[in-house]
Amino acid sequence: MIQWVGRAFRNTFVLRAILLIVSVGLLSFFAVLERIDAVIYDQISTIQHYPPDDDIVIVAIDEESIKTLGRWPWSRSVHAELIRRLESIGNHAVAFDLIFSEPQTNDPEADHSLAAAIASHGMVILPVAPVADENRDYVYLVEPLPIYRQHAKLGHVDIELDSDGIARRVFLTAGIEEPRWSAFALVLAALTHQNTTNSINSFSDDNIKFWGRWVRSHEVLIPYAGKSGSFQQVSYGQVLSNDQILASLRNKFILVGMTATGIGTRFATPVSPINRQPMSGVEWHANVLSMLLHNRAILPISHYSMSLISATWVFAILFLFSIFQRNITMPLLLVLIGCGLCAIWIILRFLHIWLPPGAALIGTMAIYPLLNWQRINEFMQSLFVAKAGSNAALESVGDGVITTDTHNHIIYMNKGAERILDVTLNQAQGVSLLKLVHLSKIQDRTAFTGLIDSEIPIPVSSIGTIQCYLRTAGSEKRAVRITRHMLRDEHEALMGFVFALADITDTIELTKQVEYQASYDTLTNLPNRALLLKRFEAMTSLPQKYGKIIAVFFVSLDNFKKINDALGHRAGDELLKMVSQRLSKIISNANFLARWGGDEFVVLFNDLHDKDIAAQRAQEALDLIEHQFFLHGQEVFVTVSIGISFFSEDGKGNEIVLERASTAMHRIKNEGGNSFGFYSTESSVAWTRDRLKFEKELRIALNEGHLQVLYQPIVDVHQQSIVRMEALVRWPHPTRGYLSPSEFIPLAESVGLMEQLGREVLKTACVAAHRLIQSSKPIHVSVNVHPRQLLNENFLPTLSRVLTETRLPATSLTLEITESAVVSDMARAAVILQQIKGLGALIALDDFGTGYSSLTLLRELPIDILKIDKSFIRALDQNLNDLTITQAIIGLGANLGLTIIAEGVESERQARILLENHCHLQQGYFFSRPIPYESILQLVNEADFSSLVSIKQLCAIVSLK
């Protein structure tokens with residue numbers, strides 16, 4: 001057994017070791033500890049200080065120079081003078097950390113003067129810099145003017161900052177799409193070798209790309225010579241005016257740049273904490289130049305190589321400890337870490353190679369818990385046991401503990417008992433426990449109700465427990481659990497009692513809350529489905545009063561999903577609360593309102609006498625909900641669908657009655673919502689804020705009469721006259737433009753506005769037709785009837801009322817329906833159409849020929865007019881099949897005694913073909929587009945109809961044939 005345990009431990013050790021080595025390798029490869037490595041590098045790299053190079057001099061554009069030469073920027077003739085003075089002392093090369101990318105407009109001759117000085121000197125270095133494009137992932141190159149770069153040497157001044165904002169590295173070559181530019185300081189260093197000057201910074205406008213991806217190569221880390229200000233600096237103005245200072249610059253590397261406060265860019269470097277000063281750009285280039293001149297560039301090792309080295313380091317330590325089988329200690333680990341850091345410093349100092357040690361150091365520290373896993377595990381287990389015991393003791397102390405003598409006089413009580421009883425030990429000591437505590441019985445343990453004030457005796461058995469209410473000395477009532485244990489000596493003689501008091505007030509409250517949540521909806525605080533069913537069962541079990549019935553209203557919000565989609569679920573929850581509050585206004589104390597689930601509510605009425613009163617209550621609910629809601633500053637409109645069923649019908653059970661109400665509700669919802677309906681045996685979209693706004697605008701347009709009704713003439717080509725007109729609705733939207741019905745009718749369908757929209761269009765069209773009759777122009781008007789509008793039970797009363805109000809004869813009105821309006825409920829549609837015919841109005845079947853049941857409709861329904869769908873007319877003169885179908889429809893209509901109207905006539909040839917086939921009534925853009933009433937009145941009044949296409953010519957053509 002011991003051998004097996006040892007073998008298992010060794011196996012798990014190998015797995016843990018492999019996992020550690022792999023983790024170290026991955027940490028190093030992906031540079032997860034980059035910030036730690038950067039801190040280590042900064043500390044190690046600043047240990048070794050390099051003396052500033054005396055051959056490097058910075059000609060500084062400092063505060064003194066600005067005071068002498070005037071406000072920056074200076075004229076470029078000043079820079080030309082500086083170059084000529086340096087040339088006079090035989091200066092080998094000078095580097096300007098200034099980009100002359102724009103011409104000097106106030107002194108054009110200065111540009112030519114500077115260009116001439118650069119050409120004369122021959123060894124002037126100017127920078128090129130990449131600038132990121134704000135709208136792309138590319139950069140564009142900022143370079144000196146062409147007159148400068150013809151004779152200057154160019155080097156890039158791209159300064160790379162690490163993720164912590166510190167400049168530690170430089171890329172010796174970089175460029176757009178290819179690294180063709182040498183670093184600024186590298187160009188200056190290379191000019192010291194005459195054999196390389198011809199190959200450094202050659203510039204050709206034909207080969208250079210000035211826009212694209214910035215590519216870098218030859219990365220090295222910079223060993224800084226010292227803090228900011230370490231290199232020799234001379235003032236720009238002194239070089240121009242002091243010949244002695246100028247002479248001191250002979251055989252020096254000259255860098256010209258800005259050091260004045262507030263001018264130029266400064267960078268944080270590893271040596272910045274020494275004097276807490278960032279480094280200017282020209283000083284940074286000086287450090288790079290010093291590094292290159294003395295071959296001190298530090299090469300960073302690749303991630304792959306460092307990953308391998310880190311893993312090997314950790315593996316070697318594990319291997320050595322496994323060979324010597326010695327327990328590792330923290331001091332020994334610290335020694336190993338110190339040795340590792342020393343090795344890193346030696347490699348950095350003498351080999352100029354940087355090995356990021358973060359992953360290896362973390363892996364070294366992780367070796368301690370790895371090798372001492374068993375001892376740590378045992379320690380943690382013992383700690384857990386001790387902690388568990390302590391927790392148990394603390395839990396016990398949290399309850400009240402009271403000891404008494406055999407007569408229940410208090411001897412001792414702990415802090416928990418003092419807290420529960422609200423008395424101190426000094427106050428209670430020697431007092432009878434029965435007199436100190438006042439108990440009340442909990443009749444119902446799930447609520448603070450039903451108390452009996454009679455005193456409850458404390459248990460007299462050896463061990464007993466009771467739950468009751470306890471009134472403290474401060475008159476506070478608490479629910480407690482009291483347990484009594486008898487204390488006996490070795491002879492089993494009674495010594496006293498130990499009472500344990502547990503405050504269970506929170507438990508009782510929680511139990512009460514759980515019971516409440518089991519019966520009530522947490523969002524609306526209404527009874528939930530479970531309590532509804534109980535209440536419904538109680539209602540139906542009691543005998544009903546004479547003439548009273550139980551009605552069930554199943555209420556559901558129409559398109560509730562639009563609120564969640566547009567405003568969020570929190571707004572949807574607020575809306576449900578508001579709806580529940582409004583529904584509460586229609587019920588009395590004898591009735592019952594509950595939330596069924598989601599956006600559905602159920603109302604139980606047991607005080608109704610008949611269905612008419614139920615309808616009145618339902619209409620009250622619709623009117624209450626229809627008013628606008630305000631959600632998160634947004635004005636929102638919602639409607640509900642209400643299904644109604646009655647318990648007294650057929651003696652069905654409660655669940656059946658609820659299902660019937662739900663069925664009726666779904667029927668109303670499918671018919672467009674915003675209504676109510678009774679159960680009968682025959683009735684067994686994503687929203688956004690923009691759509692909510694669109695809905696609100698449509699409601700305003702309807703209520704304020706912003707919709708426009710246009711009329712398209714229907715011409716009798718044979719009689720050369722306009723005999724009918726079709727009313728078409730348009731919406732001149734203030735921001736969306738002129739909207740056709742297809743753009744707002746679907747919205748009206750989904751929010752229950754089709755009835756109102758259809759009523760307004762019908763009334764407007766009837767008024768226009770009546771005005772034409774009064775003008776002695778008896779023209780029939782055709783109005784499209786939406787399927788949902790036609791099948792609504794209020795349509796016939798609305799039609800009759802409109803005809804009465806407008807005084808239009810019913811025979812002058814044609815109602816156009818489509819197959820989709822009737823195929824879903826043919827029997828009901830036939831009854832409605834017969835009633836419409838009884839009023840005297842005509843029925844037109846629109847878009848005839850496109851459905852699958854057209855002939856059945858002609859047989860079953862009282863149709864007066866067939867309108868040939870425009871899809872057949874569109875290619876009438878091109879498609880023989882369309883012509884054949886059109887001829888068949890014309891013949892079918894003639895045989896059935898129906899009037900035929902062709903829609904969508906758009907050319908003279910189409911009109912002529914229809915006339916040749918005895919289709920006299922035609923409609924389309926060939927004659928007129930939909931126009932306002934004033935325009936159609938003017939069109940009708942024109943005696944020769946000259947504004948229409950020449951109908952007379954068409955008739956003449958046909959008669960000749």
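This structure is a prediction, so every number in the text was calculated from the model and none was measured.
Side-chain contact of Trp181 with Thr173: a donor-acceptor pair under 3.5 Å is absent, judged by distance alone. Side chain to side chain, Ser228 and Glu283 meet the donor-acceptor criterion of an N or O pair below 3.5 Å. With 3.5 Å as the limit, one finds a donor-acceptor pair spanning the side chains of His121 and Asn91. Inspection of the Asp53 and His294 side chains reveals an N or O donor paired with an N or O acceptor under 3.5 Å.
Scanning both residues, Thr364 and Val314, for their nearest heavy atoms gives N-CG2, 4.3 Å. Nearest heavy atoms, Ala189 versus Leu292: CB-CB, 4.2 Å. What you find for Ile44 and Leu341 is that their closest heavy atoms are CD1-O, 4.4 Å. Closest of all the heavy-atom pairs between Ser290 and Arg296 is OG-NH2, 2.9 Å. When every heavy atom of Gly237 is checked against every heavy atom of Ser65, the shortest pair comes out as N-OG, 3.1 Å. Of all non-hydrogen atoms in Ala167 and Ile159, the two that sit nearest each other are CB-CG2, 4.1 Å.
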> Please walk me through it: do Ser120 and Glu87 pass side-chain hydrogen bond (donor to acceptor under 3.5 Å, both in side chains)?
Replying inline: CA-CA 8 Å; Ser120 175; Glu87 184 182 7; 3.0 Å; yes

>> Before you tell me yes or no, could you show the steps for Glu143 and Ser101 under side-chain hydrogen bond (donor to acceptor under 3.5 Å, both in side chains), namely the whole-Å CA-CA distance, both residues' side-chain angles and the distance that decides it to 0.1 Å?
In response: CA-CA 6 Å; Glu143 72 284 356; Ser101 59; over 6 Å; no

>> Show, in sequence, the C-alpha distance, side-chain angles and deciding distance for Asn251 and Asp55, and conclude whether the side chain to side chain contact (heavy atoms under 4.5 Å, CB included) test is met.
In response: CA-CA 8 Å; Asn251 299 324; Asp55 293 334; over 6 Å; no

>> Please evaluate residues Phe100 and His79 with respect to the criterion ring pair (Phe, Tyr, Trp, His ring centres under 6.0 Å), reporting the C-alpha separation (whole Å), side-chain torsions for both, the decisive distance (0.1 Å), and the verdict.
In response: CA-CA 11 Å; Phe100 303 111; His79 303 305; 5.4 Å; yes

> Run the salt bridge (Lys or Arg N to Asp or Glu O under 4.0 Å) check on Lys252 and Asp54 step by step: do they pass?
Replying inline: CA-CA 8 Å; Lys252 304 289 186 179; Asp54 294 336; over 6 Å; no

> Does the side chain to side chain contact (heavy atoms under 4.5 Å, CB included) test come out yes or no for Val234 and Leu249, once each step is laid out?
Replying inline: CA-CA 9 Å; Val234 295; Leu249 300 181; 4.3 Å; yes

>> Before you tell me yes or no, could you show the steps for Phe96 and Leu82 under side chain to side chain contact (heavy atoms under 4.5 Å, CB included), namely the whole-Å CA-CA distance, both residues' side-chain angles and the distance that decides it to 0.1 Å?
In response: CA-CA 11 Å; Phe96 278 81; Leu82 177 69; 3.9 Å; yes

>> As a quick check of understanding, evaluate side chain to side chain contact (heavy atoms under 4.5 Å, CB included) for Ser28 and His303, giving each step before the final call.
In response: CA-CA 7 Å; Ser28 181; His303 289 175; over 6 Å; no

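Just one of Arg216, Arg169, Arg168 meets the salt bridge (Lys or Arg N to Asp or Glu O under 4.0 Å) condition when paired with Glu160; it is Arg216. Under the side-chain contact (heavy atoms from CB on, under 4.5 Å) test applied with Met258, the options Asp97, Thr265, Leu98 reduce to a single match, Leu98. Partner Val128 forms a side-chain contact (heavy atoms from CB on, under 4.5 Å) with one of Asp158, Val157, Val142, Leu154 and no other, that one being Leu154.
Within 6.0 Å of atom CG in Asn106, more than 12 heavy atoms from other residues, nucleotides or ligands are found, so the atom counts as buried in its surroundings. Taking a 6.0 Å sphere around CZ of Arg84, one finds it holds more than 12 heavy atoms contributed by other residues, nucleotides or ligands. Within a 6.0 Å sphere centred on NE2 of His352, heavy atoms belonging to other residues, nucleotides or ligands number more than 12.
Note: Thr259 OG1 to Asp62 CG = 4.5 Å, rounded to the nearest 0.5 Å. Separating the SG atom in Cys342 from the CD1 atom in Ile337 is a distance of 12.0 Å, to the nearest 0.5 Å. Note that OG of Ser88 is 12.0 Å distant from CD1 of Ile83, once rounded to the nearest 0.5 Å. Atom OG of residue Ser235 and atom CD of residue Glu64 lie 4.0 Å apart, to the nearest 0.5 angstrom. From Ile147, atom CD1 reaches atom CG of Asp111 across 4.5 Å, with rounding to the nearest 0.5 Å. Between the OG atom in Ser241 and the CG atom in Leu69 there is a gap of 8.0 Å [rounded to 0.5 Å].
Side-chain contact between Phe253 and Val57 is absent, with no heavy-atom pair separated by less than 4.5 Å. Side-chain contact between Ile176 and Val215 is absent, with no heavy atoms from C-beta onward closer than 4.5 Å. No side-chain heavy atom of Thr269 sits under 4.5 Å from any side-chain heavy atom of Pro278. Proximity of Ile317 to Leu336: side-chain heavy atoms (C-beta onward) are separated by under 4.5 Å at one or more points. In this structure, the side chains of Met291 and Ile298 stay at 4.5 Å or more apart for every pair of heavy atoms. Between Arg76 and Tyr148 the shortest side-chain heavy-atom distance falls below 4.5 Å. With a 4.5 Å cut-off on side-chain heavy atoms, Gln43 and Ile40 do not count as touching. Considering only heavy atoms from C-beta on, Ile118 comes within 4.5 Å of Leu126 through its side chain.
Aromatic ring orientation, Trp345 versus Phe350: perpendicular (interplanar angle above 60°, classes split at 30° and 60°). Using cut-offs of 30° and 60° on the angle between ring planes, the pair Phe267 and Trp284 is tilted.
Remark: side-chain polar atoms of Gln232 are not paired, donor with acceptor, to backbone N or O of Ile58 under 3.5 angstrom. The backbone N or O of Gln244 sits less than 3.5 Å from a side-chain atom of Asn242, completing a donor-acceptor pair. The main-chain N or O of Ile245 is found under 3.5 Å from a side-chain atom of Ser248 such that the two form a donor-acceptor pair. A donor-acceptor distance shorter than 3.5 angstrom exists from the side chain of His156 to the backbone of Phe171, with no hydrogens or angles considered. Put simply, the side chain of Thr312 gets close to the backbone of Leu308: a donor and an acceptor are under 3.5 Å apart. Not one N or O on the side chain of Asp107 forms a donor-acceptor pair closer than 3.5 Å with the backbone of Ser75.
A cation-pi contact, defined as under 6.0 Å to the ring centre and within 45° of the axis, links Arg736 to Phe694.
Checked against a 6.0 Å centroid threshold, the rings of Trp74 and Tyr236 count as neighbours.
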